[in-house]
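Each remark here refers to the structure printed beneath this line.
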There are 2 protein chains.
Amino acid sequence: MNKPETRIQQRNRAAIMSAGLEVFSQYGLRGSTLDQIAEAAGLSKPNLLYYFRSKDAIYTALLEKLLETWLDPLLKLNPHGDPIQEILGYVHRKLTMSKDFPRESRLFANEILLGAPHIAEHLSKDLRTLVGEKAVVIKEWEAAGKIAPVDPYHLIFSIWSTTQHYADFDVQVRAVLGGIDPFGDAMNYLDTLFRRMLTPPKT
Amino acid sequence: MNKPETRIQQRNRAAIMSAGLEVFSQYGLRGSTLDQIAEAAGLSKPNLLYYFRSKDAIYTALLEKLLETWLDPLLKLNPHGDPIQEILGYVHRKLTMSKDFPRESRLFANEILLGAPHIAEHLSKDLRTLVGEKAVVIKEWEAAGKIAPVDPYHLIFSIWSTTQHYADFDVQVRAVLGGIDPFGDAMNYLDTLFRRMLTPPKT
DNA sequence: TCTTGATTTGACCAACTGGTCAAAGAGAGG
DNA sequence: CCTCTCTTTGACCAGTTGGTCAAATCAAGA
């Protein structure tokens, strides 16, 4: 049943996804037009709709592909590693993603901001499960005295928010800082922030 | 030149601003229609445009009014108060705003996310100046040994991001937590986070 | 009550936009 | 060279939407 994709299909689908990311992340779903995406992809509008059923289909495909990438860093949190190094490593990976994939971050943020109508299910299933599992791990680390007492859910929220801030609010950050690139200092700051938060007090 | 506003003008302008906030914060600028706003305001579409030149004018008016409210908590950071209490108080005020004014927070976030085309000037002027001043204050606190060493700019960014997260990413937070109201625990968590970050090490 | 200016609206319009479709073009295997 | 399938597109359409306008309505002072 599943016919294999031809090379030309692969190329054009990829071009559309890429163009969609570029355009949607700049103008949002409603703010973007098929013409814009078509132009960015180097295709005609009807040609777009030959590969994707609708504008919404492009957007949804983009979001779903994005979700995997987005959950991956948290998935890599290793229960058997050194607790503080693991969490700081997670912070590091997330901040690096904000630096390297700001469009993805903004697309995601926009979707959540507007009530996440396209991925509500994903959030309350996959994401919730994953975070729940990692919360248990963190609580175990705490019980073992490896990290200071902490609410694992809000710890994760604060990692998400602080790291994604540098992608999502990039304009504001740069307006405040002037021309300086924020990421170097941000990495140092966040490392310190979470290190101080998690280092267990000396008994 | 400036004719005083009649009572009816005040009432209708206020109704439009309120309706605009409700609608824009839910659907974004491009995603909202004049008809939606008119309906929410209980006015006809041409009547809206009697009070505001255009859809964009409503949006801009909303943003500008919002900016004051938004900067206010930071403005209240008192250089002569107790450093840690002042900063924790700021965190507290910001989180309370996320709880009480989530629509305002989301409207603002959406604008920044899409490149802040309407308020770029505000950001690089007023906001930049204000943050710059407060950064000096924080650095002085640090020099006086009242707080642990910290990059004041990124400290402020992290306060913004962690607190606003609970308004802007509300759907996600609630999806992860299930039904529980996040704000109580969030307050405790953030208080701990920034307290541990800022408490100077014992010499 | 009358007058004047403020307020309200039904009808309308032009631009935009998502999506359709029939027909033309390309490519690969025979 | 032919044919069959995949790919591409120009022309088109209907619904939506921001915005206009002339006419109607209302409110308050004289």
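Because the structure is a prediction, the values reported are computed rather than measured.
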Without placing hydrogens or testing angles, list every side-chain donor-acceptor pair under 3.5 Å for residues 74-82 of chain B, not counting sequence neighbours.
unit_1, atom_1, unit_2, atom_2, d
Lys76(B), NZ, Asp72(B), OD2, 2.6
Asn78(B), OD1, His80(B), N, 2.9
Asp82(B), OD2, Gln85(B), N, 3.1

Problem set entry | side-chain contact (heavy atoms from CB on, under 4.5 Å) between Asp185(A) and Leu177(A), intermediate numbers included | CA-CA 11 Å; Asp185(A) 291 343; Leu177(A) 291 181; over 6 Å; no

For this session: Answer yes or no: does a side-chain N or O of Gln9(A) lie under 4.0 Å from OP1 or OP2 of dC6(D)?
Result: no

For this session: Identify, residue by residue, the members of residues 10-19 of chain B with a heavy atom below 4.0 Å from DNA chain C, and return them in order of residue number, or none.
Result: Asn12(B)

Exercise. Using a cut-off of 4.0 Å between protein heavy atoms and nucleotide atoms, how would you tag nucleotides 15-22 of chain C 5' to 3' with B, S and -?
Worked result: --SBBBB-

For this session: Rounded off to whole Å, could you give me the CG-to-C1' distance for the Leu43(B) and dC26(D) pair?
Result: 15 Å

For this session: Take the protein atom CZ of Phe52(B) and the nucleotide atom C1' of dG18(D), then report the distance between them rounded to whole Å.
Result: 16 Å

Problem set entry | Residues that Lys139(A) engages under side-chain hydrogen bond (donor to acceptor under 3.5 Å, both in side chains), provided they are two or more places apart | Glu142(A)

Exercise. Is the shortest side-chain N/O distance from Tyr50(A) to OP1 or OP2 of dT7(D) below 4.0 Å?
Worked result: yes

Exercise. Within this structure, what is the CZ-to-C1' distance between Arg7(A) and dA26(C), rounded to whole angstrom?
Worked result: 15 Å

Exercise. Has Lys94(B) got its NZ or CZ under 6.0 Å from the middle of the six-membered ring of Trp70(B), at an angle within 45 degrees of the ring axis?
Worked result: yes

Exercise. Between Tyr27(B) and Arg30(A), is there a cation-pi geometry (under 6.0 Å to ring centre, at most 45° from the normal)?
Worked result: no

Problem set entry | Partner set under side-chain hydrogen bond (donor to acceptor under 3.5 Å, both in side chains) for Thr163(A), not counting sequence neighbours | none

Problem set entry | Contacts of type ring-ring contact (aromatic ring centres under 6.0 Å, His included), residue Trp160(B), not counting sequence neighbours | Phe157(B)

For this session: Run the ring-centre check on Phe194(A) versus His92(A) and record whether the distance is less than 6.0 Å.
Result: no

Exercise. Between Asn47(A) and dT9(D), does any side-chain N or O lie under 4.0 Å from OP1 or OP2?
Worked result: yes

